[in-house]
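Presented below is the structure to which this report refers.
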Amino acid sequence: MMYDQMIQGIQINWEKIPPGSYLRNIDAIQHVQNLEFHKPVTFFVGENGSGKSTLLEAIAVAAGFNPEGGTKNYNFSTYDSHSELCDAIRLIRGVRKAGWGYFLRAESFYNVATQEEEYAREAWIPSENLHKKSHGESFLSIAQKHFRPNGMYFLDEPEAALSPQRQLTLLMEIDRCTKEDSQFMIVTHSPILLGIPDAEILTFDDGSIHRCEYEETESYQVTEMFIKHREQLLNRLLEK
């Protein structure tokens with residue numbers, strides 16, 4: 001079956017990864033040779049350190065984006081921390097080509113905002129003034145300006161700066177774009193964002209990358225347990 005995604009899958013050539021690389025010790029990634037993406041929105045979920053952001057970053061860099069984020073026009077480096085996985089990945093591309101794109105990383109967004117001001121100054125154009133907005137307002141302004149039809153977007157924990165209400169706003173922005181033929185790959189712990197209809201959820205838990213349902217995600221289960229059994233849970237955790 002063929003899918004109408006701009007990136008339909010990836011292949012990893014492990015011969016290009018050094019024998020002593022830490023990538024070979026990430027359980028969920030170390031045996032992956034092929035991975036397919038079937039939906040306009042693909043979520044990467046799992047515990048911290050399970051390899052979600054490492055894989056997302058590698059795919060984004062292989063697709064032509066700067067490791068620290070931004071559009072494909074961003075070319076700068078404040079700290080070279082990305083892995084060599086991007087050099088071992090081959091993208092399986094569909095017929096459609098993205099007309100635009102953005103790589104949003106919560107951990108390096110400050111650097112991107114600073115670089116945006118520098119680019120605007122050099123080009124004598126108005127800056128987006130991301131540093132003058134709250135962290136959450138900056139994230140949403142990026143979505144509202146850069147999320148366009150027929151785009152390819154990589155989001156790494158975009159909920160980090162967003163209130164629950166603003167997460168719902170971002171959810172609507174993502175849904176709007178997918179209805180206009182865009183594709184998203186998103187690392188998240190947000191049970192709100194994970195609720196986007198008809199998304200594909202790939203979990204990195206239990207030692208392998210595999211598909212799961214919304215209700216099977218730890219984000220959903222922990223949130224549901226806390227809401228339904230808050231007092232009992234806190235009494236047990238805090239030993240009251």
Side-chain angles (χ1 to χ4, degrees), residues 7 9-37 41-63 65-69 77-89 91 103-112 135 139 153-162 167 170 184-196 199-226 233 236-237:
I7 298 179
I10 61 169
Q11 294 178 341
I12 300 178
N13 182 357
W14 283 96
E15 293 182 358
K16 294 185 177 181
I17 304 294
S21 172
Y22 77 95
L23 295 168
R24 295 181 178 273
N25 295 321
I26 300 177
D27 290 343
I29 295 178
Q30 63 179 337
H31 299 300
V32 175
Q33 295 184 347
N34 302 281
L35 189 62
E36 294 183 349
F37 307 118
V41 177
T42 302
F43 286 113
F44 293 171
V45 302
E47 190 50 83
N48 294 337
S50 60
K52 309 179 303 298
S53 294
T54 298
L55 183 59
L56 183 80
E57 173 193 78
I59 297 173
V61 174
F65 290 90
N66 186 69
E68 293 187 53
S77 177
T78 57
Y79 181 68
D80 188 8
S81 63
H82 65 287
S83 73
E84 62 268 46
L85 184 59
C86 60
D87 299 321
I89 281 183
L91 303 181
F103 181 20
L104 176 62
R105 300 191 66 177
E107 68 176 27
S108 58
F109 185 74
Y110 180 92
N111 302 335
V112 172
H135 206 178
F139 273 41
Y153 303 100
F154 300 90
L155 312 181
D156 189 5
E157 299 187 3
E159 73 276 10
L162 301 178
Q167 290 180 44
L170 179 60
F184 288 81
M185 293 187 189
I186 306 171
V187 169
T188 188
H189 295 284
S190 167
I192 293 176
L193 294 181
L194 286 170
I196 292 176
E200 180 173 49
I201 302 175
L202 300 179
T203 178
F204 285 54
D205 288 335
D206 303 320
S208 67
I209 300 176
H210 54 282
R211 290 167 183 82
C212 71
E213 298 299 322
Y214 173 69
E215 292 81 5
E216 295 174 328
T217 65
E218 188 174 86
S219 296
Y220 172 84
Q221 291 179 353
V222 171
T223 301
E224 181 189 41
M225 179 172 60
F226 187 86
L233 180 60
R236 187 183 312 156
L237 292 174

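No experiment lies behind these values; they were computed from the predicted model shown. Just so you know, these numbers use all the heavy atoms, side chains as well, and skip hydrogens, waters and symmetry mates.
Leu85 has its side chain out of reach of Asp87: every pair of non-hydrogen atoms, C-beta onward, lies at least 4.5 Å apart. A 4.5 Å side-chain heavy-atom check between Ile186 and Phe154 finds every atom pair outside the cut-off. Residues Asp27 and Ser208 fail the side-chain proximity criterion, which asks for heavy atoms closer than 4.5 Å. You'll find the side chain of Leu170 reaches within 4.5 Å of the side chain of Pro158, heavy atoms only.
Relative orientation of the Phe204 and Phe44 rings is tilted, given thresholds of 30° and 60° on the angle between their planes.
In summary, of the residues considered (Asn13, Ile17, Ile12), a side chain to side chain contact (heavy atoms under 4.5 Å, CB included) with Glu15 occurs for Asn13 alone.
Ion pair Glu157/Lys52 not flagged as a salt bridge, since none of the NZ, NE, NH1 or NH2 atoms sits closer than 4.0 Å to an Asp/Glu carboxylate oxygen.
Heavy atoms only, all atoms of each residue included: Trp14 and Gln33 are closest at CD1-CG, 4.5 Å. Minimum interatomic distance between Arg211 and Leu202 (heavy atoms only, all atoms of both residues): CG-CD2, 3.3 Å. The minimum heavy-atom distance between Leu162 and Gln167, with the atom names listed, is O-NE2, 3.2 Å. Scanning all heavy atoms of the two residues, the minimum distance from Phe103 to Asn66 falls at CD2-O, 3.3 Å. Here the closest non-hydrogen pair linking Ile89 and Ala62 is CG2-CB, 4.1 Å.
Counted within 6.0 Å of CD on Glu200, heavy atoms from surrounding residues, nucleotides or ligands total more than 12; the atom is thus considered enclosed. For CD of Glu215, the number of neighbouring non-hydrogen atoms (other residues, nucleotides, ligands) closer than 6.0 Å is greater than 12.
Atom CD in Glu47 sits 6.5 Å away from atom CG in Asp205 (nearest 0.5 Å). Note that CE of Met225 and CG of Leu233 are 5.0 Å apart. Values are rounded to the nearest 0.5 Å. To the nearest 0.5 Å, the span separating SG on Cys86 from CD on Glu57 amounts to 7.5 Å. A distance of 7.0 Å separates CG in Leu35 from CD1 in Ile59, rounded to the nearest 0.5 Å. The distance from the CZ atom of Phe43 to the OH atom of Tyr214 is 10.0 Å, given to the nearest 0.5 Å. One finds the OH atom of Tyr22 at 4.5 Å from the OG1 atom of Thr54 (value rounded to the nearest 0.5 Å).
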For this session: Assess whether side-chain contact (heavy atoms from CB on, under 4.5 Å) is satisfied between Leu194 and His189, documenting all intermediate values.
Result: CA-CA 8 Å; Leu194 286 170; His189 295 284; over 6 Å; no
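Under 3.5 Å, the side chains of Ser21 and Glu84 contain a donor-acceptor pair of N or O atoms.
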